[in-house]
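Heavy atoms only: backbone and side chains are in, while hydrogens, waters and symmetry mates are out. Lettering follows sequence order; numbering is per chain, from 1.
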Amino acid sequence: MTCLPKNPSAKKLGLVIDLDICVGCHACAVNCKEWNAAGQMAPLTDIDPYGAEPDGVWFNRIHTFEAVDTESGISRTVHFPKSCLHCEDAPCVTVCPTGASYKREEDGIVLVNTDICIGCKLCSWACPYGAREYDEDEGVMKKCTLCIDKIYNENLPQESRVPACVSTCPAGARSFGDLGDPASDVSKLVAARKGYDLMPEQATKPVNKYLPPRPKRVGNATAPRLLEHKDDSSDGAGLLARWVDRILTA
Amino acid sequence: MHPAKSVIFFTTATGAGYGLLFWLGVLAHRGLIKADFKFGLVVFAIAFALVIAGLLASTLHLGRPSRAWRALSQWRSSWLSREGVLAILTFIPTGLFALAWVILGDNTGIFAWIGLIGAVCSMVTVYTTSMIYRSLKAIPAWATGWTSPGYLLMSLTSGGLLLSFMAAIGGYWPAVDWLVLPILFFLACGFVIKLSYWSMIDRPIASSAETATGLGEFGKVRLIESPHDQPNYLLKEMGFEIARKHSKKLRRIALICGFLLPFVLIIGQWQLPSLAVCFLGIAVIVTMFGLIVERWLFFAEAKHVVTLYYDT
């Protein structure tokens, strides 16, 4: 059914992405591709992967933006990973004519049933965030599953039951959890850091939140020195060194 | 948005076909045209050919055309599904109306009413087509009140001109004389609607690179590194720039061919009744050309908000 769940549970699984931490290494996108091209959801098509014009389906793409304050001239470089936000009012779900697109009642994950998708692409037109991509090989739409085949996989150790993008992030910029529970770690993080929605004017109520970069330090503060430099004084040096120093200084 | 040929053909062909069925129902209901076998056969064949070819074209761009029947299931939430259901339902009254006209030679009484029901269903189907686009908030140029009137008016003018031309060939002059008056009115409405639509879509939209990234508090946002160095699906499907380059000229062509010239040609056929068939024939051709340009612009000029993440 492509109506949104009538009685959604309070549980809203999603991601929190810290733009202050992300270094733009693309590891999350690569591991996303790795997991989804090899696991339950495989294959995740690539077209001409080693040719002149490689193309393919990716669930996660990393942009790098620059924000320039026109008055002060201060600019900031922000690495910006973007994947499905698992919106509460997901427009991609309600436009689907076949029932292939759906939002899970129990945890809010938005999925595509590729067995009945007709590949009309309307969901990709409806999504403001570009979270849905067309798989030319299979003729159906694909999207981020929040690694549903990983987060509930009892064959994996508990600490591995998080989306591939989260477990791989070397900087710890991505967190996964229940954003419907105000007491969860991710909800507390969002509250503490003033996490926000992308394009709130589209009224899609995204579950995923972004944490803004922390304010930039301005002024003349220099970086702290890790080593005490001894070049300008021979105090504390050995007897021979002090004797050489005295001769050469004279 | 990428202006796919199949979707442009789908919307213009079904629009003209449903417009033709609408006016046939109205003319029969008003008793302005008798159920002639030869005329009925040709006109209904053209109307159904346009509708069916358009609907088939719309399934051609599917990744899995063999599953197209599944698109009829989600009419509760999806305008695309509603359009499919109504397109099929519309075949019932319009099909009965056509059979009665061609086989029984009757378009009066109960059959005139069935024709009128078919006329209403035809316009409702065109409305659902327009709502597929109107309902997409992520494409601000479509999510406006001008979208549906545009689709309905252009269906009425193209179908109406097609019927006037064929009725003129058949010598049904009272029908032609009655028909051209509402067409003139709808051409004028369409002209105003398109102008208003274009002035509306030229205004800035609510979304920007700043709201898309949420980085507006740090200043003006621009992309410095794309996620990949080749265009991806999103850019191929949603990013399209050629139209914006020539939009002024193309808009003028759409207005002149789609609305102004047919208006002038209808007035011309009043002045020169001996050339009326010729004038109406030319009007049909220029209108269809104008509508195809208009529809191409409708897609090509519409900017999807996802492009804000890509600086296009």
Side chain, backbone, both or neither: which part of [X] has a non-hydrogen atom closer than 4.5 Å to chain A?
X: B/E237; value: side chain
X: B/T213; value: both
X: B/E217; value: side chain
X: B/A206; value: both

What distance separates [X] [atom1] from [Y] [atom2], expressed to the nearest 0.5 Å?
X: A/D55; Y: B/L235; atom1: CG; atom2: CG; value: 10.0 Å
X: A/L198; Y: B/Y309; atom1: CG; atom2: OH; value: 4.0 Å
X: A/D48; Y: B/Q230; atom1: CG; atom2: CD; value: 9.0 Å
X: B/I224; Y: A/S75; atom1: CD1; atom2: OG; value: 8.0 Å
X: A/L122; Y: B/L136; atom1: CG; atom2: CG; value: 5.5 Å
X: B/H228; Y: A/H63; atom1: NE2; atom2: NE2; value: 6.0 Å

Requested in this report: Would you check, one step at a time, whether the test side-chain contact (heavy atoms from CB on, under 4.5 Å) holds for A/C96 with B/Q74?
Outcome: CA-CA 7 Å; A/C96 175; B/Q74 303 302 311; 5.5 Å; no
At a heavy-atom distance under 4.5 Å, which candidate from [options] has the highest pair count against chain B?
options: A/E136, A/M141, A/K82, A/H26; result: A/K82
options: A/A52, A/S124, A/P212, A/P91; result: A/S124
options: A/I62, A/I116, A/D197; result: A/I116
options: A/T70, A/T94, A/D69; result: A/T94
options: A/Y129, A/Y210, A/W58; result: A/Y129

In terms of heavy-atom contacts, does [atom1] of [X] have more than 12 from other residues, nucleotides or ligands at under 6.0 Å?
X: B/K5; atom1: NZ; result: no
X: A/E105; atom1: CD; result: yes
X: A/E53; atom1: CD; result: no
X: B/E225; atom1: CD; result: no

Locate the shortest heavy-atom distance separating [X] from [Y]; write the atom from each residue and the value.
X: A/I118; Y: B/R67; answer: CG2-O, 3.1 Å
X: A/M199; Y: B/S207; answer: SD-OG, 3.8 Å
X: A/P213; Y: B/F218; answer: O-CZ, 3.4 Å
X: A/P128; Y: B/H304; answer: CA-CE1, 4.0 Å
X: B/S208; Y: A/E201; answer: N-OE2, 4.5 Å

Report task. Output the residues of residues 8-20 of chain B for which the shortest heavy-atom distance to chain A is under 4.5 Å, in residue-number order; output 'none' if no such residue exists. Result ->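 Under the 4.5 Å heavy-atom cut-off, nothing qualifies.
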Query raised in the report: In residues 138-146 of chain B, which residues are in contact with chain A at a heavy-atom separation under 4.5 Å?
Result: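 Under the 4.5 Å heavy-atom cut-off, B/A138, B/I139, B/W142 qualify.
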Report task. For chain A, find which of B/A71, B/G219, B/S81 contributes the most heavy-atom pairs closer than 4.5 angstrom. Result ->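 With the most close heavy-atom pairs to chain A, the winner is B/A71.
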Report task. Mind telling me whether A/Y134 and B/Y233 have parallel, tilted or perpendicular rings, with 30° and 60° as the class edges? Result ->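 Tilted, since the angle between the ring planes falls between 30° and 60°.
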Query raised in the report: A/P81 versus chain B, heavy atoms under 4.5 Å apart: side chain, backbone, both or neither?
Result: neither
Report task. Answer with side chain, backbone, both or neither: which region of A/N60 has an atom nearer than 4.5 Å to a non-hydrogen atom of chain B? Result -> neither
Less than 4.5 Å apart, any side-chain heavy atom of [X] and any of [Y]?
X: A/R61; Y: B/Y310; value: yes
X: A/L19; Y: B/L215; value: yes
X: B/V221; Y: A/V78; value: no

**Report entry** CA sep, side-chain torsions, deciding dist, call: A/T98, B/R64, side-chain contact (heavy atoms from CB on, under 4.5 Å)
**Finding:** CA-CA 12 Å; A/T98 65; B/R64 296 275 189 148; over 6 Å; no
Query - Heavy-atom donor-acceptor pair, B/R70 side chain to A/G99 backbone, under 3.5 Å - result: no
